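A short worksheet on the structure shown next.
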There are 2 protein chains.
Amino acid sequence: MGNKKKSTIKDIANVLGITPSAVSKALNNNPRISEKTKIAVQQVAKNLNYQPNHLASALRKGKSNLVGVIIPRANSNFFSSVVEKMEEVLNSHGYNVIMTQSNESYEKECRNIDALLYTQVDGVIASMANETVELEYYQKIKSKGIPLILFDRGENDLEVDYVGIDDYMTSQMVVKHLVEQGCKRIAHIAGFQHSRIYKNRIRGYKDALVEFDLPISKDLIIESNLGIDDGRRSMKKLLELPIRPDAIYAAGDWAALGALQVLKEVGIKVPEEMALVGFSNEPFTSFVSPPISTINQHNSEIGRITAETFLDRMENPSKEVTLNKIILEAELIIRQSSKNK
Amino acid sequence: MGNKKKSTIKDIANVLGITPSAVSKALNNNPRISEKTKIAVQQVAKNLNYQPNHLASALRKGKSNLVGVIIPRANSNFFSSVVEKMEEVLNSHGYNVIMTQSNESYEKECRNIDALLYTQVDGVIASMANETVELEYYQKIKSKGIPLILFDRGENDLEVDYVGIDDYMTSQMVVKHLVEQGCKRIAHIAGFQHSRIYKNRIRGYKDALVEFDLPISKDLIIESNLGIDDGRRSMKKLLELPIRPDAIYAAGDWAALGALQVLKEVGIKVPEEMALVGFSNEPFTSFVSPPISTINQHNSEIGRITAETFLDRMENPSKEVTLNKIILEAELIIRQSSKNK
DNA sequence: TAGATTTGCTCCATCGATTGAACAAAACTA
DNA sequence: TAGTTTTGTTCAATCGATGGAGCAAATCTA
């Protein structure tokens, strides 16, 4: 019953009068161990409530079966559902996931990386914090010789596997949609340029404007962290312009929500006077009023493919590590906030 | 530069012509090692880019400095902010956190427990899945002799430390508030009875009704998982009653949101015709319209105290493990959804 | 039935770090 | 200067699991 002390293969060996190595081999289903012994070992293991010591086998094998995952925030539908799927895939291949949050802080991210390396993870899957510009710590992971896979927020310079959507194309799609709704003066509440994905969204936005013969105005692009307050501030700034925009494309749903709040407060009708599109398909976008048009990034797909890319690296360690981008298609979900009948 | 192979204390020892054990002692600041040697070791360690192998020291010391955390969902403001604070406290004491999600599934929870035990965590901090009734797996943690701390969703029968709010009192506070707004027929969209916290919320609700001389009706209490769809379904059921309620107290914000959606769809005015109160202070409650009254559980406090309780257990392993409830006070945030001028 | 092969296990070194015991050299004491 | 203490290090065992080499017994082959 209350057998508190943990048992080892040695204990099992003692009970059966065989050696620990025989027990180890039996547990690992080694063909050179007789069926009889294997069954006996299983039985005794169960009786003694034996649990293998992962530290010992990991040390011996030089493999911990742990995967470190770094995300900016767990409290985001996108990241939590990506991680959920990743866990599912990795677990089914014998890996356990250690999930850490950077809270968008570069410093926290560095500490997380150190903690993961210290824990001897077999690899790292990460989405970079908004703040992150220096890549030194990520280089540290690479120099350890363990796989590093980035998703969503990546960086070309690291030259590693990357899984994400085509931000450039997706942005163009958003602008095209807004133009089709009759919008002529489209503002962009953007993420910070230094982050690859936000830079691409800005590029896509600008290039689409050019394509539709609309003027690009610096005043209509405001960079921020894309939080709800950032969205509010940006919206207020846009409303102070001499000619105000007739559409807002926010590079994040929370910023879109902040913008929507301000619009409601000042009595500007959405979508009649101002169309609005967000990004990420956070659940709340569907139940605020009006529901916000947004981008579905196929979260589970990103999670699945990222995990599979990691597994592939583990299985082919000799494969040369280079920039390897896997780009998925995103989907525009049109809701009331950008519908002009 | 690209020295990919990781160095060990043996490598350091070779460079300096001393033994690995001297290096180990130097790195651990053993008083019997000369200052000169310590400095030399530090220097060489840096040059060789030495990183201690956690697996080896954890195996030897019988302590991994890892804490397993199990939460129902990461995509919840409550849980993610609790975990964030826990991480902060535990990190500052040399522990790393392995965070896993049960997704409210008992089976996933069991697998998570196994994975954590396998990883040789020094302790487990958990909030139980809604589905969980069997305590066998949690007993398994206890029987390992490592600390188990529960927060928010706990279970008396496990007889371990628990950190949470006083659900009974809080529920009474909600009902009192609704009565003060003039409500006479208060429905409760409840969580499942088998979960201690939801049972207490139901008890508090009922006892408060009695206190205010209001009738308790079975029809007005609907148990569910408290998701958004559960809230919708429950609300629809309540609207089918011969006499419909004039207030809804939902034991979770998502259920409250679902209820609100239905009310808006059928054109019932909130709060004029029906008051609404949720639970947990999820961010969206403040920005839907009307903003939903809810309960602030002081997330960071719960995280901090839970972590400290864990640390206390680690420092005093001999302390007898019994039911030890630490109860924090919650706060009712009154917003428009339950304000009757 | 001698010789070759297979089977089933034991033996032992190993993963990297830790730690108490042991021990030589240096420093101190009387 | 002999004896004691302190200092700085080495030695050896250990944490638990693993796996290749080795070896005796069982089984197969001709």
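Just so we're clear, the structure is a prediction, and the values are computed from it rather than from any experiment. Quick note on labels: first sequence line is chain A, next is B, and so on, each numbered from 1.
No donor-acceptor contact under 3.5 Å links the side chain of A/K61 to the base of C/dT14. The base of D/dG8 is not paired with the side chain of B/K38 by any donor and acceptor separated by under 3.5 Å. B/K25 contributes a side-chain N or O that forms a donor-acceptor pair with the base of C/dG20 under 3.5 Å. No donor-acceptor contact under 3.5 Å links the side chain of A/T19 to the base of C/dC11.
If you measure from atom CD1 of A/I33 to atom C1' of C/dG8, you get 6 Å, rounded to the nearest angstrom. B/L16 places its CG atom 16 Å from the P atom of D/dG8, with the value rounded to the nearest Å. One atom, CG of A/N14, and another, P of D/dA17, lie 12 Å apart when rounded to the nearest Å. The nearest whole Å value for the distance from the CG atom in B/L27 to the C1' atom in C/dG16 is 12 Å. Going from atom NZ of A/K6 over to atom C1' of D/dA17 covers 16 Å, rounded to whole Å. When the P atom of C/dC15 is taken as reference, atom CG of A/N65 falls 20 Å away, rounded to whole Å. Rounded to an integer number of Å, the gap from B/K10 NZ to C/dT18 P is 15 Å. Rounded to whole angstrom, the span from the CG atom of B/L48 across to the C1' atom of C/dG16 amounts to 15 Å.
Residues B/A56 and B/A22 both approach DNA chain C. Their nearest nucleotides, taken by heavy-atom distance, put B/A56 toward the 5′ side. DNA chain D is contacted by both B/G17 and A/Q51; B/G17 maps to the nucleotide lying nearer its 5′ end (nearest heavy atom per residue).
Among the nucleotides C/dC9, D/dA17, C/dA17, the one closest to the side chain of A/S34 is C/dC9. You'll find that the side chain of B/R32 is closest to D/dT7, out of D/dT7, C/dA17, D/dG16. Residue A/S57 has its side chain nearest to D/dA17 when only D/dA17, C/dT19, C/dT18 are considered. Comparing C/dC11, C/dT19, C/dA17 by their nearest atom to the side chain of B/N53 picks out C/dA17. Side-chain atoms of A/T37 lie closest to C/dC9 of the nucleotides C/dT19, D/dG20, C/dC9. The side chain of B/R60 lies closest to C/dT18, out of C/dT18, D/dT10, C/dG8. Taking only side-chain atoms of A/S21, from C-beta outward, the nucleotide of D/dA17, D/dT9, C/dT10 with the closest atom is C/dT10.
Counting only distance, with no hydrogens or angles, the side chain of B/Q101 and the backbone of B/I71 share no donor-acceptor pair below 3.5 Å. The closest donor-acceptor contact from the side chain of B/S127 to the backbone of B/F151 lies under 3.5 Å. Here the side chain of A/Y162 pairs a donor or acceptor atom with the backbone of A/D152 at under 3.5 angstrom. A donor-acceptor contact shorter than 3.5 Å is absent between the side chain of B/Q120 and the backbone of B/S64.
Counting any heavy atom pair closer than 4.0 Å across all strands shown, B/T8 reaches sugar-phosphate atoms only and no base atom. Among the heavy atoms of the strands lying under 4.0 Å from B/I18 are primed sugar atoms or P, OP1, OP2 only; no base atom is included. Contacts of B/N28 with the nucleic acid, taken as non-hydrogen atoms under 4.0 Å apart, involve only primed sugar atoms and P, OP1 or OP2.
Considering B/N96, B/V97, B/D122 in turn, B/N96 is the only one that fulfils the side-chain contact (heavy atoms from CB on, under 4.5 Å) rule with B/L66.
A sub-4.0 Å separation between OP1 or OP2 of D/dG16 and a side-chain N or O of B/Y118 is absent. Neither OP1 nor OP2 of D/dA17 sits under 4.0 Å from any side-chain N or O of A/S24.
The two residues A/A13 and A/P20 have their closest heavy-atom pair at CB-N, 3.6 Å.
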